[in-house]
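All of these numbers come straight from a predicted model, not from anything done at the bench. Computation of the quantities below employed the complete heavy-atom set of this structure, encompassing side-chain atoms and omitting hydrogens, waters and symmetry-equivalent molecules.
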Amino acid sequence: MTDTAPDQLDDTVWVEKASLIDSIPRPVQIASVAVVFITVWQLITLSDLVPPIILPTPLETWNDMMFVGANVLSGGYMLDSLWTTVKTVLYGYALAIAIGLTLGIIVGETAFGERAIMPYLVAIDTMPKVAFAPLFVAWLGFDIDSKVALAAFIATFPIVVGTAAGLHAPDANARMLFKTMGASRWQTLYKMKLPTGLPQIFTGLKIGSVGVMAGAITGEFLGGGNGFGELIRVAASQLNTPRVFSLILYLSLVGLALFAATSYAQRVLVFWHKDRVIGAEG
Amino acid sequence: MMATARVSQLRASTGGETVYELTGVGKTYARNRVRALEGISLSLERGSFSSVIGSSGCGKSTLLKIMAGLIPPSQGRVTINNQPVRGPRRDIGMMFQHATLFPWRTTIENVLLPIEIRDGKAAAKAAWGRGEKLLDLVGLGGFESVYPDELSGGMAQRAAICRMLVTQPDMILLDEPFSALDEISRDFMNMELQRICTETNATAFLVTHSIAEAVILSDRVYVLAPRPGRIAEVVEIDLPRPRTLDMITTPKFGALVERIRTRLDKGDFE
(Lines give C-alpha, C1' and ligand atoms only; values in the text may rest on other atoms or scores of the structure.)
Protein backbone atom coordinates (compact mmCIF):
# COMPACT_ATOMS: atom_id res chain seq x y z
CA MET A 1 0.00 0.00 0.00
CA THR A 2 2.89 2.32 0.76
CA ASP A 3 4.00 2.48 -2.86
CA THR A 4 0.59 3.72 -4.04
CA ALA A 5 0.75 7.37 -4.97
CA PRO A 6 -1.57 9.64 -2.97
CA ASP A 7 -3.38 10.91 -6.03
CA GLN A 8 -4.23 7.34 -7.02
CA LEU A 9 -5.63 6.72 -3.55
CA ASP A 10 -7.91 9.68 -3.99
CA ASP A 11 -9.55 7.87 -6.87
CA THR A 12 -10.19 4.68 -4.94
CA VAL A 13 -11.30 6.00 -1.58
CA TRP A 14 -14.88 7.13 -1.34
CA VAL A 15 -14.81 10.00 1.10
CA GLU A 16 -17.97 11.32 2.67
CA LYS A 17 -18.13 15.05 2.02
CA ALA A 18 -20.07 17.37 4.27
CA SER A 19 -22.40 19.60 2.28
CA LEU A 20 -21.74 23.36 2.25
CA ILE A 21 -24.86 24.11 4.31
CA ASP A 22 -23.87 21.57 7.01
CA SER A 23 -20.53 23.26 7.50
CA ILE A 24 -22.14 26.58 8.53
CA PRO A 25 -22.90 26.90 12.27
CA ARG A 26 -26.60 26.84 13.12
CA PRO A 27 -26.78 30.36 14.67
CA VAL A 28 -25.31 31.77 11.46
CA GLN A 29 -27.91 29.90 9.42
CA ILE A 30 -30.73 31.27 11.58
CA ALA A 31 -29.31 34.82 11.41
CA SER A 32 -28.96 34.63 7.64
CA VAL A 33 -32.69 33.97 7.25
CA ALA A 34 -33.42 37.06 9.38
CA VAL A 35 -31.03 39.15 7.28
CA VAL A 36 -32.70 38.06 4.04
CA PHE A 37 -36.16 38.69 5.51
CA ILE A 38 -35.32 42.17 6.77
CA THR A 39 -33.57 43.05 3.50
CA VAL A 40 -36.61 42.06 1.46
CA TRP A 41 -38.83 44.00 3.90
CA GLN A 42 -36.60 47.08 3.53
CA LEU A 43 -36.62 46.79 -0.28
CA ILE A 44 -40.43 46.61 -0.34
CA THR A 45 -40.75 49.74 1.82
CA LEU A 46 -38.22 51.58 -0.41
CA SER A 47 -39.99 50.58 -3.60
CA ASP A 48 -43.18 52.66 -3.03
CA LEU A 49 -45.24 49.54 -3.73
CA VAL A 50 -46.94 49.82 -0.36
CA PRO A 51 -47.72 53.03 1.50
CA PRO A 52 -45.73 53.46 4.75
CA ILE A 53 -48.95 53.52 6.74
CA ILE A 54 -49.61 49.90 5.77
CA LEU A 55 -46.05 48.57 6.08
CA PRO A 56 -43.57 50.43 8.32
CA THR A 57 -39.86 50.20 7.58
CA PRO A 58 -37.72 47.82 9.65
CA LEU A 59 -36.07 50.85 11.24
CA GLU A 60 -39.39 52.42 12.32
CA THR A 61 -40.40 49.07 13.83
CA TRP A 62 -37.05 48.78 15.61
CA ASN A 63 -37.37 52.30 17.01
CA ASP A 64 -40.86 51.55 18.27
CA MET A 65 -39.65 48.34 19.88
CA MET A 66 -37.04 50.40 21.70
CA PHE A 67 -39.78 52.83 22.82
CA VAL A 68 -42.05 50.01 24.06
CA GLY A 69 -39.09 48.29 25.71
CA ALA A 70 -38.08 51.49 27.51
CA ASN A 71 -41.67 52.05 28.68
CA VAL A 72 -41.89 48.49 30.03
CA LEU A 73 -38.51 48.65 31.73
CA SER A 74 -39.20 52.03 33.32
CA GLY A 75 -42.44 50.71 34.81
CA GLY A 76 -44.74 52.64 32.48
CA TYR A 77 -48.34 51.77 31.56
CA MET A 78 -47.08 49.16 29.10
CA LEU A 79 -45.57 47.15 31.96
CA ASP A 80 -49.07 46.92 33.47
CA SER A 81 -50.38 45.85 30.07
CA LEU A 82 -47.70 43.23 29.64
CA TRP A 83 -48.27 41.93 33.17
CA THR A 84 -52.03 41.68 32.53
CA THR A 85 -51.43 39.63 29.39
CA VAL A 86 -48.80 37.44 31.03
CA LYS A 87 -51.13 36.80 33.98
CA THR A 88 -53.96 35.92 31.59
CA VAL A 89 -51.72 33.51 29.72
CA LEU A 90 -50.38 31.83 32.89
CA TYR A 91 -53.79 31.47 34.56
CA GLY A 92 -55.26 30.23 31.28
CA TYR A 93 -52.46 27.69 30.84
CA ALA A 94 -52.72 26.45 34.43
CA LEU A 95 -56.48 26.07 34.09
CA ALA A 96 -56.12 24.31 30.74
CA ILE A 97 -53.53 21.90 32.18
CA ALA A 98 -55.72 21.07 35.19
CA ILE A 99 -58.89 20.52 33.13
CA GLY A 100 -57.02 18.94 30.21
CA LEU A 101 -55.20 16.34 32.32
CA THR A 102 -58.36 15.48 34.28
CA LEU A 103 -60.51 15.07 31.16
CA GLY A 104 -57.65 13.30 29.37
CA ILE A 105 -57.36 10.74 32.17
CA ILE A 106 -61.14 10.20 32.24
CA VAL A 107 -61.25 9.76 28.47
CA GLY A 108 -58.06 7.71 28.21
CA GLU A 109 -58.61 5.51 31.25
CA THR A 110 -62.32 4.69 31.29
CA ALA A 111 -64.31 2.96 28.59
CA PHE A 112 -67.24 5.24 29.42
CA GLY A 113 -65.13 8.34 28.92
CA GLU A 114 -63.85 7.12 25.60
CA ARG A 115 -67.26 6.00 24.33
CA ALA A 116 -69.56 8.65 25.80
CA ILE A 117 -67.52 11.77 26.63
CA MET A 118 -64.98 11.85 23.79
CA PRO A 119 -67.60 12.41 21.03
CA TYR A 120 -68.75 15.58 22.79
CA LEU A 121 -65.18 16.80 23.18
CA VAL A 122 -64.53 16.21 19.49
CA ALA A 123 -67.77 18.04 18.61
CA ILE A 124 -66.80 21.05 20.75
CA ASP A 125 -63.25 20.96 19.41
CA THR A 126 -64.44 21.29 15.81
CA MET A 127 -66.31 24.51 16.67
CA PRO A 128 -64.54 27.80 15.98
CA LYS A 129 -63.73 28.38 19.65
CA VAL A 130 -62.93 32.06 19.19
CA ALA A 131 -66.63 32.58 18.49
CA PHE A 132 -67.27 31.87 22.16
CA ALA A 133 -65.40 35.05 23.16
CA PRO A 134 -68.50 37.30 23.32
CA LEU A 135 -70.22 34.68 25.47
CA PHE A 136 -67.35 34.58 27.93
CA VAL A 137 -67.41 38.40 28.12
CA ALA A 138 -71.16 38.31 28.76
CA TRP A 139 -70.74 35.66 31.46
CA LEU A 140 -67.54 36.81 33.14
CA GLY A 141 -67.34 40.52 32.38
CA PHE A 142 -64.65 42.73 30.86
CA ASP A 143 -62.10 41.83 33.48
CA ILE A 144 -59.28 39.32 33.07
CA ASP A 145 -61.60 36.34 33.85
CA SER A 146 -63.25 36.25 30.44
CA LYS A 147 -59.84 36.26 28.69
CA VAL A 148 -58.51 33.51 30.97
CA ALA A 149 -61.60 31.44 30.16
CA LEU A 150 -61.14 31.82 26.40
CA ALA A 151 -57.41 31.08 26.60
CA ALA A 152 -58.04 27.95 28.69
CA PHE A 153 -60.92 26.90 26.44
CA ILE A 154 -58.68 26.91 23.38
CA ALA A 155 -55.70 25.25 25.07
CA THR A 156 -57.62 22.46 26.84
CA PHE A 157 -58.41 20.24 23.86
CA PRO A 158 -54.87 19.44 22.66
CA ILE A 159 -53.99 18.56 26.27
CA VAL A 160 -56.98 16.21 26.54
CA VAL A 161 -56.07 14.51 23.29
CA GLY A 162 -52.36 14.28 24.21
CA THR A 163 -53.14 12.80 27.64
CA ALA A 164 -55.61 10.27 26.27
CA ALA A 165 -53.10 9.24 23.58
CA GLY A 166 -50.36 9.00 26.20
CA LEU A 167 -52.42 6.65 28.35
CA HIS A 168 -52.87 4.38 25.35
CA ALA A 169 -49.12 4.38 24.66
CA PRO A 170 -48.03 1.47 26.96
CA ASP A 171 -47.81 -1.82 25.09
CA ALA A 172 -49.46 -5.12 26.01
CA ASN A 173 -46.27 -6.36 27.72
CA ALA A 174 -46.21 -3.53 30.25
CA ARG A 175 -49.93 -3.96 30.99
CA MET A 176 -49.52 -7.72 31.43
CA LEU A 177 -46.50 -7.22 33.68
CA PHE A 178 -48.44 -4.87 35.95
CA LYS A 179 -51.31 -7.37 36.06
CA THR A 180 -49.00 -10.18 37.18
CA MET A 181 -47.67 -7.92 39.94
CA GLY A 182 -51.23 -7.46 41.17
CA ALA A 183 -51.14 -3.70 40.61
CA SER A 184 -54.30 -1.71 41.27
CA ARG A 185 -55.80 0.48 38.57
CA TRP A 186 -54.48 3.58 40.30
CA GLN A 187 -50.95 2.12 40.60
CA THR A 188 -51.01 1.09 36.94
CA LEU A 189 -52.04 4.63 36.05
CA TYR A 190 -49.45 6.63 37.96
CA LYS A 191 -46.56 4.19 38.04
CA MET A 192 -46.79 3.04 34.42
CA LYS A 193 -49.32 4.67 32.08
CA LEU A 194 -48.71 8.32 32.94
CA PRO A 195 -44.88 8.12 32.86
CA THR A 196 -44.98 6.10 29.63
CA GLY A 197 -47.35 8.63 28.08
CA LEU A 198 -45.38 11.74 29.13
CA PRO A 199 -43.97 12.39 25.62
CA GLN A 200 -47.50 12.47 24.15
CA ILE A 201 -48.79 14.52 27.09
CA PHE A 202 -46.05 17.08 26.49
CA THR A 203 -46.90 17.24 22.80
CA GLY A 204 -50.41 18.24 23.90
CA LEU A 205 -49.02 20.75 26.39
CA LYS A 206 -46.83 22.39 23.73
CA ILE A 207 -49.71 22.73 21.30
CA GLY A 208 -51.76 24.06 24.22
CA SER A 209 -49.11 26.66 25.07
CA VAL A 210 -49.49 28.10 21.56
CA GLY A 211 -53.29 28.04 21.79
CA VAL A 212 -53.33 29.80 25.15
CA MET A 213 -51.52 32.82 23.64
CA ALA A 214 -53.99 33.02 20.76
CA GLY A 215 -56.90 32.76 23.18
CA ALA A 216 -55.59 35.45 25.53
CA ILE A 217 -54.98 37.99 22.74
CA THR A 218 -58.27 37.26 21.00
CA GLY A 219 -60.02 37.74 24.34
CA GLU A 220 -58.31 41.09 24.77
CA PHE A 221 -59.22 42.19 21.24
CA LEU A 222 -62.87 41.48 21.86
CA GLY A 223 -63.26 42.13 25.57
CA GLY A 224 -61.24 45.26 26.23
CA GLY A 225 -59.23 45.51 29.43
CA ASN A 226 -55.68 46.79 29.44
CA GLY A 227 -53.61 43.90 28.03
CA PHE A 228 -51.33 43.90 25.01
CA GLY A 229 -54.23 42.78 22.84
CA GLU A 230 -56.06 45.99 23.70
CA LEU A 231 -52.91 48.05 22.95
CA ILE A 232 -52.67 46.38 19.54
CA ARG A 233 -56.33 47.12 18.83
CA VAL A 234 -55.90 50.78 19.80
CA ALA A 235 -52.66 51.17 17.80
CA ALA A 236 -54.28 49.59 14.74
CA SER A 237 -57.29 51.91 14.97
CA GLN A 238 -54.84 54.86 15.01
CA LEU A 239 -53.04 53.39 11.96
CA ASN A 240 -49.89 53.21 14.13
CA THR A 241 -48.52 50.15 12.30
CA PRO A 242 -44.98 50.29 13.72
CA ARG A 243 -46.55 49.97 17.20
CA VAL A 244 -48.67 47.00 16.07
CA PHE A 245 -45.59 45.31 14.68
CA SER A 246 -43.48 45.87 17.77
CA LEU A 247 -46.26 44.72 20.14
CA ILE A 248 -46.71 41.54 18.08
CA LEU A 249 -42.97 40.88 18.28
CA TYR A 250 -43.02 41.29 22.07
CA LEU A 251 -46.02 38.97 22.31
CA SER A 252 -44.20 36.36 20.28
CA LEU A 253 -41.42 36.52 22.89
CA VAL A 254 -43.97 35.75 25.62
CA GLY A 255 -45.28 32.81 23.59
CA LEU A 256 -41.76 31.61 22.94
CA ALA A 257 -40.93 31.76 26.65
CA LEU A 258 -44.01 29.68 27.51
CA PHE A 259 -43.14 27.11 24.86
CA ALA A 260 -39.52 27.01 26.00
CA ALA A 261 -40.57 26.55 29.64
CA THR A 262 -42.77 23.62 28.59
CA SER A 263 -39.92 22.08 26.56
CA TYR A 264 -37.59 22.51 29.51
CA ALA A 265 -40.05 20.77 31.85
CA GLN A 266 -40.25 17.95 29.33
CA ARG A 267 -36.47 17.55 29.21
CA VAL A 268 -36.31 17.38 33.00
CA LEU A 269 -39.24 14.98 33.45
CA VAL A 270 -38.68 12.78 30.40
CA PHE A 271 -34.96 12.38 31.01
CA TRP A 272 -34.66 8.95 29.39
CA HIS A 273 -33.49 8.93 25.81
CA LYS A 274 -35.98 6.69 24.07
CA ASP A 275 -39.68 7.25 24.40
CA ARG A 276 -40.36 3.56 24.68
CA VAL A 277 -40.08 0.89 27.31
CA ILE A 278 -36.71 -0.86 27.30
CA GLY A 279 -36.59 -4.37 25.90
CA ALA A 280 -39.93 -4.06 24.13
CA GLU A 281 -38.49 -3.81 20.63
CA GLY A 282 -39.31 -6.25 17.84
CA MET B 1 -26.11 -15.73 50.92
CA MET B 2 -29.84 -15.53 50.89
CA ALA B 3 -30.06 -17.96 47.98
CA THR B 4 -28.06 -20.73 49.65
CA ALA B 5 -29.98 -20.33 52.88
CA ARG B 6 -33.16 -20.79 50.89
CA VAL B 7 -31.80 -23.86 49.13
CA SER B 8 -30.85 -25.58 52.39
CA GLN B 9 -34.21 -24.69 53.89
CA LEU B 10 -35.98 -26.22 50.93
CA ARG B 11 -33.77 -29.30 50.84
CA ALA B 12 -34.90 -29.96 54.39
CA SER B 13 -38.50 -30.06 53.23
CA THR B 14 -39.96 -33.22 51.73
CA GLY B 15 -38.51 -34.23 48.39
CA GLY B 16 -40.92 -34.57 45.47
CA GLU B 17 -43.44 -32.25 47.08
CA THR B 18 -46.01 -30.91 44.60
CA VAL B 19 -45.95 -27.13 44.29
CA TYR B 20 -48.30 -26.51 41.42
CA GLU B 21 -51.16 -28.62 40.17
CA LEU B 22 -53.60 -28.43 37.27
CA THR B 23 -56.53 -30.87 37.22
CA GLY B 24 -58.69 -31.20 34.13
CA VAL B 25 -58.21 -27.60 33.11
CA GLY B 26 -60.06 -26.43 30.02
CA LYS B 27 -60.68 -23.04 28.48
CA THR B 28 -63.43 -22.11 26.07
CA TYR B 29 -63.59 -18.57 24.81
CA ALA B 30 -67.25 -17.69 25.03
CA ARG B 31 -67.13 -15.05 22.32
CA ASN B 32 -66.32 -17.33 19.39
CA ARG B 33 -66.79 -20.69 21.15
CA VAL B 34 -63.20 -21.67 20.51
CA ARG B 35 -61.97 -24.46 22.74
CA ALA B 36 -58.43 -23.34 23.46
CA LEU B 37 -57.57 -25.99 26.06
CA GLU B 38 -59.05 -29.29 27.10
CA GLY B 39 -58.34 -31.64 29.98
CA ILE B 40 -54.92 -30.35 30.98
CA SER B 41 -53.65 -32.14 34.09
CA LEU B 42 -50.14 -31.76 35.36
CA SER B 43 -48.35 -31.49 38.66
CA LEU B 44 -45.01 -29.76 39.15
CA GLU B 45 -42.66 -30.83 41.92
CA ARG B 46 -40.54 -28.42 43.91
CA GLY B 47 -37.27 -27.64 42.23
CA SER B 48 -38.30 -29.23 38.93
CA PHE B 49 -38.06 -27.61 35.51
CA SER B 50 -40.85 -28.36 33.04
CA SER B 51 -41.53 -27.08 29.57
CA VAL B 52 -44.54 -27.01 27.36
CA ILE B 53 -43.95 -27.07 23.63
CA GLY B 54 -46.34 -26.84 20.73
CA SER B 55 -46.99 -25.11 17.45
CA SER B 56 -48.40 -21.58 17.31
CA GLY B 57 -52.00 -21.37 18.41
CA CYS B 58 -51.95 -24.60 20.41
CA GLY B 59 -53.01 -22.79 23.57
CA LYS B 60 -49.59 -22.41 25.21
CA SER B 61 -50.12 -18.76 26.06
CA THR B 62 -53.65 -19.41 27.33
CA LEU B 63 -52.28 -22.15 29.58
CA LEU B 64 -49.63 -19.84 30.99
CA LYS B 65 -52.12 -17.02 31.57
CA ILE B 66 -54.35 -19.41 33.51
CA MET B 67 -51.38 -20.62 35.55
CA ALA B 68 -50.41 -17.00 36.32
CA GLY B 69 -53.94 -16.24 37.49
CA LEU B 70 -54.43 -13.67 34.74
CA ILE B 71 -57.51 -15.39 33.28
CA PRO B 72 -59.80 -17.98 34.90
CA PRO B 73 -60.15 -21.48 33.42
CA SER B 74 -63.55 -22.59 32.12
CA GLN B 75 -63.20 -26.00 33.74
CA GLY B 76 -60.84 -27.64 36.17
CA ARG B 77 -58.82 -26.80 39.25
CA VAL B 78 -55.61 -24.79 39.56
CA THR B 79 -53.70 -24.88 42.85
CA ILE B 80 -50.38 -23.67 44.21
CA ASN B 81 -49.29 -25.20 47.53
CA ASN B 82 -52.83 -26.62 47.74
CA GLN B 83 -54.38 -23.15 47.59
CA PRO B 84 -56.60 -22.26 44.63
CA VAL B 85 -55.18 -19.70 42.18
CA ARG B 86 -57.79 -16.97 41.84
CA GLY B 87 -55.76 -14.09 40.47
CA PRO B 88 -52.17 -12.84 40.29
CA ARG B 89 -50.21 -13.92 43.38
CA ARG B 90 -46.90 -12.91 44.88
CA ASP B 91 -45.80 -16.56 45.06
CA ILE B 92 -46.06 -16.80 41.27
CA GLY B 93 -43.38 -14.96 39.33
CA MET B 94 -43.59 -14.44 35.60
CA MET B 95 -41.27 -13.41 32.82
CA PHE B 96 -41.99 -12.55 29.22
CA GLN B 97 -40.31 -12.41 25.84
CA HIS B 98 -39.60 -8.71 26.37
CA ALA B 99 -37.80 -7.46 29.46
CA THR B 100 -40.15 -4.43 29.76
CA LEU B 101 -37.94 -2.41 32.08
CA PHE B 102 -39.18 1.13 32.65
CA PRO B 103 -36.67 3.75 31.48
CA TRP B 104 -37.43 6.24 34.29
CA ARG B 105 -36.37 3.70 36.92
CA THR B 106 -32.83 2.53 37.60
CA THR B 107 -32.10 -1.15 37.23
CA ILE B 108 -32.59 -1.89 40.92
CA GLU B 109 -35.75 0.23 41.08
CA ASN B 110 -37.09 -1.91 38.23
CA VAL B 111 -36.11 -5.07 40.11
CA LEU B 112 -37.86 -3.87 43.28
CA LEU B 113 -41.02 -2.76 41.43
CA PRO B 114 -43.09 -5.86 42.40
CA ILE B 115 -42.35 -5.18 46.09
CA GLU B 116 -43.14 -1.48 45.71
CA ILE B 117 -46.49 -2.33 44.12
CA ARG B 118 -47.47 -5.03 46.60
CA ASP B 119 -46.07 -3.56 49.84
CA GLY B 120 -45.30 0.10 49.16
CA LYS B 121 -42.19 2.24 48.81
CA ALA B 122 -40.88 1.63 52.34
CA ALA B 123 -40.91 -2.15 51.84
CA ALA B 124 -39.11 -1.73 48.51
CA LYS B 125 -36.43 0.31 50.24
CA ALA B 126 -36.09 -2.34 52.94
CA ALA B 127 -35.63 -5.00 50.25
CA TRP B 128 -32.80 -3.04 48.60
CA GLY B 129 -30.18 -5.53 49.83
CA ARG B 130 -32.14 -8.47 48.44
CA GLY B 131 -32.29 -6.69 45.09
CA GLU B 132 -28.54 -6.16 45.11
CA LYS B 133 -27.92 -9.83 45.91
CA LEU B 134 -30.18 -10.90 43.06
CA LEU B 135 -28.37 -8.60 40.64
CA ASP B 136 -25.11 -10.16 41.82
CA LEU B 137 -26.57 -13.61 41.26
CA VAL B 138 -27.35 -12.88 37.60
CA GLY B 139 -24.03 -11.12 37.02
CA LEU B 140 -25.36 -7.56 37.07
CA GLY B 141 -23.56 -6.51 40.26
CA GLY B 142 -22.56 -2.84 40.02
CA PHE B 143 -25.40 -2.00 37.60
CA GLU B 144 -27.87 -1.07 40.37
CA SER B 145 -28.12 2.64 39.59
CA VAL B 146 -27.73 2.32 35.82
CA TYR B 147 -30.77 3.25 33.74
CA PRO B 148 -32.04 0.42 31.54
CA ASP B 149 -31.37 2.20 28.24
CA GLU B 150 -27.70 1.47 28.89
CA LEU B 151 -28.30 -2.29 29.23
CA SER B 152 -28.02 -4.74 26.31
CA GLY B 153 -30.94 -7.04 25.48
CA GLY B 154 -29.40 -9.92 27.45
CA MET B 155 -28.64 -7.71 30.45
CA ALA B 156 -32.20 -6.37 30.40
CA GLN B 157 -33.52 -9.95 30.52
CA ARG B 158 -31.21 -10.70 33.47
CA ALA B 159 -32.71 -7.72 35.29
CA ALA B 160 -36.17 -9.06 34.40
CA ILE B 161 -35.15 -12.40 35.99
CA CYS B 162 -34.29 -10.51 39.19
CA ARG B 163 -37.62 -8.69 39.12
CA MET B 164 -39.39 -12.05 38.79
CA LEU B 165 -37.42 -13.55 41.70
CA VAL B 166 -37.52 -10.58 44.08
CA THR B 167 -40.81 -11.63 45.73
CA GLN B 168 -39.27 -15.10 46.28
CA PRO B 169 -41.98 -16.91 44.30
CA ASP B 170 -42.63 -20.64 44.72
CA MET B 171 -43.41 -20.98 41.04
CA ILE B 172 -41.85 -19.18 38.11
CA LEU B 173 -43.55 -19.02 34.73
CA LEU B 174 -41.41 -18.25 31.70
CA ASP B 175 -43.10 -17.16 28.47
CA GLU B 176 -40.45 -17.61 25.75
CA PRO B 177 -38.12 -15.47 27.86
CA PHE B 178 -35.13 -15.32 25.51
CA SER B 179 -36.76 -15.62 22.10
CA ALA B 180 -36.11 -11.95 21.32
CA LEU B 181 -32.35 -12.40 21.86
CA ASP B 182 -29.84 -13.49 19.24
CA GLU B 183 -28.94 -17.18 19.22
CA ILE B 184 -25.56 -16.81 20.94
CA SER B 185 -27.02 -14.78 23.80
CA ARG B 186 -29.96 -17.16 23.98
CA ASP B 187 -27.81 -20.25 24.52
CA PHE B 188 -25.80 -18.41 27.13
CA MET B 189 -28.88 -17.11 28.93
CA ASN B 190 -30.41 -20.59 28.97
CA MET B 191 -27.35 -21.90 30.80
CA GLU B 192 -27.57 -18.92 33.14
CA LEU B 193 -31.24 -19.67 33.75
CA GLN B 194 -30.34 -23.24 34.68
CA ARG B 195 -27.73 -22.00 37.15
CA ILE B 196 -30.09 -19.44 38.71
CA CYS B 197 -32.91 -21.99 39.01
CA THR B 198 -30.54 -24.45 40.70
CA GLU B 199 -29.19 -21.84 43.10
CA THR B 200 -32.66 -20.64 44.11
CA ASN B 201 -34.22 -24.14 43.90
CA ALA B 202 -36.94 -22.59 41.75
CA THR B 203 -39.85 -24.56 40.35
CA ALA B 204 -40.01 -23.44 36.75
CA PHE B 205 -42.46 -23.81 33.91
CA LEU B 206 -41.30 -22.70 30.49
CA VAL B 207 -43.29 -22.07 27.33
CA THR B 208 -41.19 -22.27 24.20
CA HIS B 209 -41.31 -23.29 20.58
CA SER B 210 -37.69 -24.31 20.45
CA ILE B 211 -37.43 -28.08 20.95
CA ALA B 212 -33.70 -27.90 21.73
CA GLU B 213 -34.30 -25.22 24.37
CA ALA B 214 -37.04 -27.32 26.02
CA VAL B 215 -34.84 -30.43 26.09
CA ILE B 216 -31.66 -28.77 27.38
CA LEU B 217 -33.46 -27.05 30.27
CA SER B 218 -36.21 -29.43 31.37
CA ASP B 219 -36.75 -32.47 33.50
CA ARG B 220 -40.02 -33.01 31.71
CA VAL B 221 -41.44 -31.73 28.42
CA TYR B 222 -45.18 -31.56 27.80
CA VAL B 223 -45.97 -31.75 24.10
CA LEU B 224 -49.18 -29.89 23.34
CA ALA B 225 -51.43 -30.81 20.41
CA PRO B 226 -53.58 -28.02 18.97
CA ARG B 227 -57.33 -27.43 18.52
CA PRO B 228 -58.19 -27.89 21.32
CA GLY B 229 -54.90 -27.60 23.18
CA ARG B 230 -54.25 -30.87 25.05
CA ILE B 231 -51.25 -32.80 26.27
CA ALA B 232 -50.26 -35.22 23.55
CA GLU B 233 -47.21 -36.66 25.25
CA VAL B 234 -45.05 -36.21 28.33
CA VAL B 235 -41.35 -36.71 27.63
CA GLU B 236 -39.04 -37.29 30.60
CA ILE B 237 -35.60 -35.80 29.94
CA ASP B 238 -33.13 -38.00 31.83
CA LEU B 239 -29.98 -36.19 30.75
CA PRO B 240 -27.61 -35.64 33.70
CA ARG B 241 -27.45 -32.27 35.48
CA PRO B 242 -25.97 -29.76 35.26
CA ARG B 243 -26.71 -29.62 31.56
CA THR B 244 -24.11 -28.17 29.23
CA LEU B 245 -24.34 -26.91 25.67
CA ASP B 246 -22.07 -29.82 24.58
CA MET B 247 -24.94 -32.20 25.27
CA ILE B 248 -26.72 -30.85 22.22
CA THR B 249 -24.43 -32.91 20.01
CA THR B 250 -24.93 -36.21 21.89
CA PRO B 251 -27.04 -38.99 20.31
CA LYS B 252 -29.30 -39.10 23.36
CA PHE B 253 -30.16 -35.41 22.98
CA GLY B 254 -30.78 -35.97 19.28
CA ALA B 255 -33.10 -38.88 20.00
CA LEU B 256 -35.14 -36.83 22.49
CA VAL B 257 -35.44 -33.94 20.04
CA GLU B 258 -36.47 -36.34 17.30
CA ARG B 259 -39.11 -37.93 19.50
CA ILE B 260 -40.67 -34.56 20.32
CA ARG B 261 -40.46 -33.38 16.72
CA THR B 262 -42.25 -36.50 15.46
CA ARG B 263 -44.95 -36.04 18.06
CA LEU B 264 -45.39 -32.38 17.11
CA ASP B 265 -45.65 -33.19 13.39
CA LYS B 266 -48.30 -35.81 14.07
CA GLY B 267 -50.25 -33.33 16.17
CA ASP B 268 -50.35 -30.86 13.34
CA PHE B 269 -51.78 -33.22 10.76
CA GLU B 270 -54.22 -35.13 12.89
In terms of heavy-atom pairs under 4.5 Å, which option from Gly69(B), Ala159(B), Pro88(B), Ala160(B) contacts chain A the most? Pro88(B)
Count the heavy atoms of every other residue, nucleotide or ligand shown that sit under 6.0 Å from OH of Tyr250(A), and state whether that count exceeds 12. yes
Got more than 12 heavy atoms from elsewhere within 6.0 Å of CZ, Arg77(B)? no
Residue pairs meeting side-chain hydrogen bond (donor to acceptor under 3.5 Å, both in side chains), one or both in residues 259-270 of chain A, sequence neighbours left out, come to Tyr93(A)-Thr262(A), Lys206(A)-Gln266(A)
Check this for me: Ile184(B), atom CD1, are more than 12 non-hydrogen atoms of other residues, nucleotides or ligands nearer than 6.0 Å? no
Distance col, row Phe96(B):CZ vs Thr180(A):OG1, nearest 0.5 angstrom, shows 4.5 Å
Just wondering, more than 12 heavy atoms not from Phe112(A) lying within 6.0 Å of its CZ? no
If I measure from the heavy atoms of chain A, does Arg163(B) come under 4.5 Å with its side chain, its backbone, both, or neither? side chain
Should Lys191(A) and Arg105(B) be marked as a side-chain contact (heavy atoms from CB on, under 4.5 Å) after you check the CA-CA gap, both sets of side-chain angles, and the distance that decides it? CA-CA 10 Å; Lys191(A) 281 190 198 292; Arg105(B) 294 174 156 265; 4.2 Å; yes
Go through the steps for Val270(A) and Trp104(B) under the test side-chain contact (heavy atoms from CB on, under 4.5 Å), then give the verdict. CA-CA 8 Å; Val270(A) 192; Trp104(B) 56 88; over 6 Å; no
So does Asp182(B) have more than 12 non-hydrogen atoms from other groups sitting under 6.0 Å from CG? yes
Straight-line distance of Asn173(A) CG to Thr100(B) OG1, nearest 0.5 Å: 4.5 Å
More than 12 heavy atoms of other groups within 6.0 Å of Glu183(B) CD: no
Residues of residues 112-121 of chain B within contact distance of chain A, non-hydrogen under 4.5 Å: Leu113(B), Pro114(B), Glu116(B), Ile117(B), Arg118(B), Lys121(B)
Students often mix this up, so state it plainly: with edges at 30° and 60°, are the rings of Phe271(A) and Tyr147(B) parallel, tilted or perpendicular? perpendicular
For Met192(A) against Phe102(B), the heavy-atom pair lying closest together: CG-CE2, 3.6 Å
